[in-house]
Amino acid sequence: MEKLVWFKFSPRDWVMGKIQRCPEVTQARFIRLCCLYWNKECCISLEDAEIEIDKEHLDILISKKVILVENDFIKINFLDENFEKSEGKTNKLSTSGKIGNLKKHKPELYKRFENKKITLEEALELQKNKVATLSPPDNYPIATQSQIVAEKRREEESREDKNINSVNTINWDGLLNFFNETFSKNARVFETATKNKYKARLRSGYTKEDIINAMKTVKNNKHHLENNYQYCTLEFFSRSATLEKYSTKSEKKAVTNNYNGTL
């Protein structure tokens with residue numbers, strides 16, 4: 001990560017954030033962890049994080065949801081967002097970084113790569129282009145094992161879409177319509193990456209009602225209203241920082257705008 005020598009940091013988010021609920025020593029350890037996380041291309045295992053700052057402080061940060069845990073790796077959301085926005089992120093990753101990133105975000109692809117069923121290049125292509133959820137072009141040289149993965153993934157997503165009452169499943173069409181009507185937008189589809197972020201928020205403890213309440217609160221927010229909701233995107237409401245800031249401020253009342261309340 002030769003060019004990524006710095007990351008954006010908001011003093012306001014620090015002063016107002018959950019980190020203030022932690023002891024000062026833990027706050028200092030968190031700064032150290034952030035630097036290491038960034039230097040390691042946002043890919044550190046839970047075990048390595050514990051070694052670096054001690055289990056006591058790591059447990060505090062996890063309990064306060066300052067950091068999250070996913071697939072035995074830690075997640076620091078504001079750094080992940082910094083990293084996602086960095087130009088040419090994929091090209092900046094070293095080979096070890098690419099493998100670590102794959103292991104963190106796509107363990108099923110990493111396992112196939114580790115077992116030599118697909119090459120690293122195939123695994124990265126599947127991760128980048130979401131081949132597991134799309135039909136590849138006729139001339140695309142995809143491995144047989146990868147085709148099996150793609151079929152299996154399509155079947156899983158189909159089951160998820162039908163099971164709209166599942167705790168970790170969202171009625172995407174219903175949420176899309178509510179978003180468009182609330183902010184007078186014309187969004188047509190949910191990107192797969194954005195869907196995955198919403199699912200991650202549900203797994204981390206946020207609810208479907210939190211998402212709706214956040215949208216309702218932002219609709220009446222002076223700052224967003226004056227800016228004609230230009231920052232209000234589907235991805236914006238998939239961020240934990242957005243839900244943390246806005247979801248608890250909306251009144252507990254039935255959702256309007258012809259939305260039937262089913263996510």
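More than 12 heavy atoms of other residues, nucleotides or ligands lie within 6.0 Å of CD in Gln230, so this atom counts as buried by the packing criterion. Within a 6.0 Å sphere centred on CD of Glu47, heavy atoms belonging to other residues, nucleotides or ligands number 12 at most.
A donor-acceptor distance shorter than 3.5 angstrom exists from the side chain of Thr182 to the backbone of Phe178, with no hydrogens or angles considered. Side-chain N or O atoms of Asp210 include one that pairs as donor or acceptor with a backbone N or O of Thr207 at under 3.5 Å. With hydrogens and angles ignored, the 3.5 Å screen pairs no side-chain donor or acceptor of Asn82 with any backbone N or O of Phe7. A donor-acceptor distance shorter than 3.5 angstrom exists from the side chain of Arg201 to the backbone of Ser238, with no hydrogens or angles considered.
When Asp54, Leu61, Ile60 are each tested for a side-chain contact (heavy atoms from CB on, under 4.5 Å) with Arg29, only one passes: Asp54.
Ring centers of Tyr246 and Phe237: at least 6.0 Å apart, outside the cut-off. For Tyr229 and His223, the gap between ring centers reaches or exceeds 6.0 Å.
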Going through the distances and angles, do Ser247 and Thr217 end up as a side-chain contact (heavy atoms from CB on, under 4.5 Å)? CA-CA 7 Å; Ser247 64; Thr217 299; over 6 Å; no
side-chain contact (heavy atoms from CB on, under 4.5 Å) for Cys34 and Leu79? Distances and angles first, verdict last. CA-CA 8 Å; Cys34 284; Leu79 289 179; 3.9 Å; yes
Kindly determine whether Asp13 and Ile19 satisfy side-chain contact (heavy atoms from CB on, under 4.5 Å), including the steps that lead there. CA-CA 9 Å; Asp13 288 345; Ile19 188 66; over 6 Å; no
Test Lys18 against Glu244 for salt bridge (charged side-chain N to carboxylate O under 4.0 Å, His left out), laying out the working first. CA-CA 10 Å; Lys18 295 177 181 177; Glu244 182 68 20; 3.2 Å; yes
Would Thr194 and Thr233 count as a side-chain contact (heavy atoms from CB on, under 4.5 Å) if you check the C-alpha gap in whole Å, the side-chain angles of each, and the deciding distance to 0.1 Å? CA-CA 10 Å; Thr194 303; Thr233 64; over 6 Å; no
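Looking at Ile67 and Phe30, their side chains come closer than 4.5 Å, going by heavy atoms from C-beta outward. Under the 4.5 Å side-chain criterion, counting only non-hydrogen atoms from C-beta, Leu36 is in contact with Ile44. Using a 4.5 Å heavy-atom threshold, the side chains of Tyr37 and Asp80 count as touching. Inter-residue side-chain proximity for Leu58 and Leu46 is flagged as met; some heavy-atom pair is nearer than 4.5 Å. The shortest distance between side-chain heavy atoms of Asn220 and Leu225 does not fall below 4.5 Å. Residues Ile76 and Phe78 form a side-chain contact, since some pair of their non-hydrogen atoms from C-beta on lies under 4.5 Å apart. The side-chain heavy atoms of Phe190 and Ile170, taken from C-beta on, include no pair separated by under 4.5 Å. Lys75 is not listed as a side-chain neighbour of Val69, based on a closest heavy-atom distance of 4.5 Å or more.
Residues Tyr231 and Val218 fall into different hydrophobic clusters, defined by Ile, Leu, Val, Met, Phe, Trp and Tyr side chains chained together at heavy-atom separations under 4.5 Å. Ile62 and Leu68 sit in two unconnected hydrophobic clusters of ILVMFWY residues. Membership requires side-chain heavy atoms under 4.5 Å apart, directly or through other members. Cluster annotation: Ile74 and Phe9 are assigned to the same hydrophobic cluster (Ile/Leu/Val/Met/Phe/Trp/Tyr, side-chain heavy-atom contacts under 4.5 Å, transitive).
For Lys208 and Tyr198, the positive end is not near the middle of the six-membered ring at less than 6.0 Å and at most 45° from its axis.
Between Arg239 and Glu235 a salt bridge is recorded (basic side-chain N to carboxylate O distance below 4.0 Å).
Of all heavy-atom pairs spanning Lys65 and Ser204, the tightest one is NZ-O, 3.2 Å. Looking at every heavy atom in both residues, Leu33 comes nearest to Ala49 through CD1-CB, 4.1 Å. For the pair Ser240 and Tyr206, the tightest heavy-atom approach, listed with the atom from each and the gap, is O-OH, 3.5 Å.
For the atom pair NZ (Lys219) and SG (Cys232), the distance works out to 11.5 Å, reported to the nearest 0.5 Å. Distance check, rounded to the nearest 0.5 Å: CG of Asn213 to CG of Leu243 gives 10.0 Å. For the atom pair CZ (Phe236) and CZ (Phe183), the distance works out to 8.5 Å, reported to the nearest 0.5 Å. Glu81 contributes atom CD, which lies 10.5 Å from atom SG of Cys42 (distance to the nearest 0.5 angstrom).
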